[in-house]
Novice: 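One structure is given below, represented as C-alpha cells, and several questions about it will come after.
Only this structure's heavy atoms are used, side chains among them; waters, hydrogens and symmetry mates stay out.
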Amino acid sequence: MTRRSLPPVAEEDAIVAGRRRSIAETEQAVQERLGGFELQREQMAAIANIHRAAAAVRQHLENSVLRPHDLTWTGFVVLWVLWIWGEAETWSVAEEAGVSKGTLTGIARTLESRHLVARAPHPDDGRRVLLSLTLEGEELMERLFPSFNAEEAFVATPLSAEDCLRLANGLRAIVAQLEEHGEERRRQLLDGRDLAPRRSGRRSRQ
C-alpha cells in the first residue's frame, strides 16, 4: 500500500502536546481531510514524504554527529560546499547551500569566528567576497564526515543497496525535472505576472 503523508505546510502543524504525530496518524488525518477530493494521491504521497524524510534526517544528523561539533545543519552544508568545490564567491556558496545571501552572511561570520572559514576580497572586484575553508575547517571535515556518512547508512538501514540506488535515481530525476522545466512551469502559473514579495520584502529568485 502506498504511504500517504501531509503536504509540507501541514507538517508544521503536526506536533501536539509536545509529541510529534506518527506517520500512521498523519496518513489517517490526510485520508479523513482529503478523502472527497480528486487528487493525484501517489504523487502527493511521494512529494510529501520527501519533505517528511528530509526533515527527519536533518533533525537526526543535527542531534547526533553535528551537535558535538557545535554545528547546525546549514553550517555543515556550507562547510561541505567549500570542502567539495574549494574557494568560491558568496553568491555561489549560497546557491549551492540553498540559502539566501543574507543567511549565508550570518553563517559565514559564525564559522569565521571559529576559524573554520576565511573571507577574502575578490581579486577583480573588492566588493565581491570569496569564502574558503581554513586548515582547521579542512581538518574538521576530514574528521567529521566519516561519522556523518555512518549515520547516513544508519538512516538508510531499512533499504538494500539496490533500494538506495533506485531511491537516489528517483530523487535525481525529480531534481532534474525542476532544473530543466521548473522555471518554464512557474512562468506558466504566474501568467506573466511578477512574483509577489516575500513577507521579509525580499523577492524570490525568478
Side-chain angles (χ1 to χ4, degrees), residues 2-12 23 26-27 30 34 37-61 72-105 107-108 122 128-132 141 145 148-149 152-153 155-156 158-206:
T2 301
R3 304 186 90 179
R4 296 169 183 160
S5 184
L6 281 172
V9 173
E11 279 289 334
E12 301 301 325
I23 191 168
T26 301
E27 290 165 355
V30 169
L34 302 179
F37 287 81
E38 290 294 329
L39 299 171
Q40 298 178 76
R41 296 181 181 277
E42 289 75 18
Q43 291 83 354
M44 180 184 76
I47 300 306
N49 281 320
I50 287 173
H51 171 83
R52 187 182 183 97
V57 170
R58 171 174 174 162
Q59 184 179 47
H60 173 73
L61 291 169
T72 63
W73 173 264
T74 312
F76 170 79
V77 171
V78 169
L79 293 178
W80 166 264
V81 169
L82 294 173
W83 194 42
I84 296 300
W85 294 106
E87 185 179 61
E89 285 193 61
T90 51
W91 70 264
S92 177
V93 177
E95 179 94 359
E96 291 290 337
V99 298
S100 70
K101 286 187 66 176
T103 297
L104 176 64
T105 297
I107 295 167
H122 194 283
R128 292 151 63 186
V129 177
L130 296 170
L131 296 178
S132 62
M141 290 301 290
F145 190 71
F148 187 94
N149 182 242
E152 291 178 314
V155 168
L159 305 179
S160 67
E162 292 76 14
D163 290 336
C164 288
L165 286 175
R166 281 193 291 270
L167 176 61
N169 287 333
L171 294 174
R172 189 178 293 114
I174 289 174
V175 173
Q177 164 73 1
L178 293 176
E179 288 179 344
E180 295 171 15
H181 305 293
E183 183 175 354
E184 179 184 359
R185 175 66 170 176
R186 290 188 291 272
R187 287 177 176 174
Q188 290 174 350
L189 293 173
L190 289 168
D191 194 25
R193 300 186 303 274
D194 290 334
L195 284 174
R198 295 181 185 271
R199 290 181 181 274
S200 64
R202 178 175 60 84
R203 287 188 177 271
S204 301
R205 293 179 64 252
Q206 297 188 22

Novice: Run the numbers on I174 and I50 for side chain to side chain contact (heavy atoms under 4.5 Å, CB included), then give the verdict.
Specialist: CA-CA 11 Å; I174 289 174; I50 287 173; 3.6 Å; yes
Novice: Please report the closest heavy-atom contact between A97 and V78, naming both atoms and the distance.
Specialist: CB-CG2, 4.2 Å
Novice: Counting only heavy atoms not in Q59 (residues, nucleotides, ligands), do more than 12 fall under 6.0 Å from its CD?
Specialist: no
Novice: List the atom of T74, the atom of V99, and the distance in Å for their closest heavy-atom pair.
Specialist: CG2-CG1, 3.6 Å
Novice: Considering non-hydrogen atoms only, spot the tightest contact between C164 and A156 and give its length.
Specialist: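 Shortest heavy-atom separation between C164 and A156 comes out as SG-CB, 4.0 Å.
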Novice: Working to the nearest 0.5 angstrom, can you tell me the gap between R185 CZ and L178 CG?
Specialist: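 With rounding to 0.5 Å, CZ (R185) is 11.0 Å from CG (L178).
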Novice: Quick check: does any side chain N or O of R193 sit under 3.5 Å from a backbone N or O of L190, one acting as donor and the other as acceptor?
Specialist: yes
Novice: If you compare all heavy atoms of G75 against all heavy atoms of I107, which two are closest, and at what distance to 0.1 Å?
Specialist: CA-CG2, 3.9 Å
Novice: Checking T105 against T90 for the side chain to side chain contact (heavy atoms under 4.5 Å, CB included) test, could you report, in this order, the C-alpha distance in whole Å, the side-chain angles of both residues, the deciding distance, and whether it holds?
Specialist: CA-CA 8 Å; T105 297; T90 51; over 6 Å; no
Novice: Is there a side chain to side chain contact (heavy atoms under 4.5 Å, CB included) between F145 and W83? Walk through the geometry before answering.
Specialist: CA-CA 11 Å; F145 190 71; W83 194 42; 3.9 Å; yes
Novice: To the closest 0.5 Å, what do you measure between CD1 (I47) and CD (E42)?
Specialist: 12.5 Å
Novice: Find out whether L104 and L131 are in side-chain contact, i.e. whether some heavy atom of one side chain is under 4.5 Å from a heavy atom of the other.
Specialist: yes
Novice: What distance do E95 atom CD and K101 atom NZ have between them, rounded to the nearest 0.5 Å?
Specialist: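 E95 CD to K101 NZ: 11.5 Å, rounded to 0.5 Å.
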Novice: Hey, could you give me the CZ/CH2 distance between F148 and W80, rounded to the nearest 0.5 Å?
Specialist: 8.0 Å
Novice: If you measure from the Lys or Arg side-chain nitrogens to the Asp or Glu carboxylate oxygens, is any gap between E162 and R166 under 4.0 Å?
Specialist: no
Novice: Side chain to side chain donor-acceptor pair (under 3.5 Å) between N169 and R172: does it pass, once the steps are laid out?
Specialist: CA-CA 5 Å; N169 287 333; R172 189 178 293 114; 2.6 Å; yes
Novice: Please find the pair of heavy atoms, one from V57 and one from V155, that lie closest to each other, and give the distance.
Specialist: CG2-CG1, 3.7 Å
Novice: Test R186 against E183 for side chain to side chain contact (heavy atoms under 4.5 Å, CB included), laying out the working first.
Specialist: CA-CA 5 Å; R186 290 188 291 272; E183 183 175 354; 3.7 Å; yes
Novice: Which pair of heavy atoms, one from A88 and one from L82, lies closest together, and at what distance?
Specialist: N-CD2, 4.5 Å
Novice: Assess whether atom CH2 of W91 is packed by more than 12 heavy atoms of other residues, nucleotides or ligands within 6.0 Å.
Specialist: no
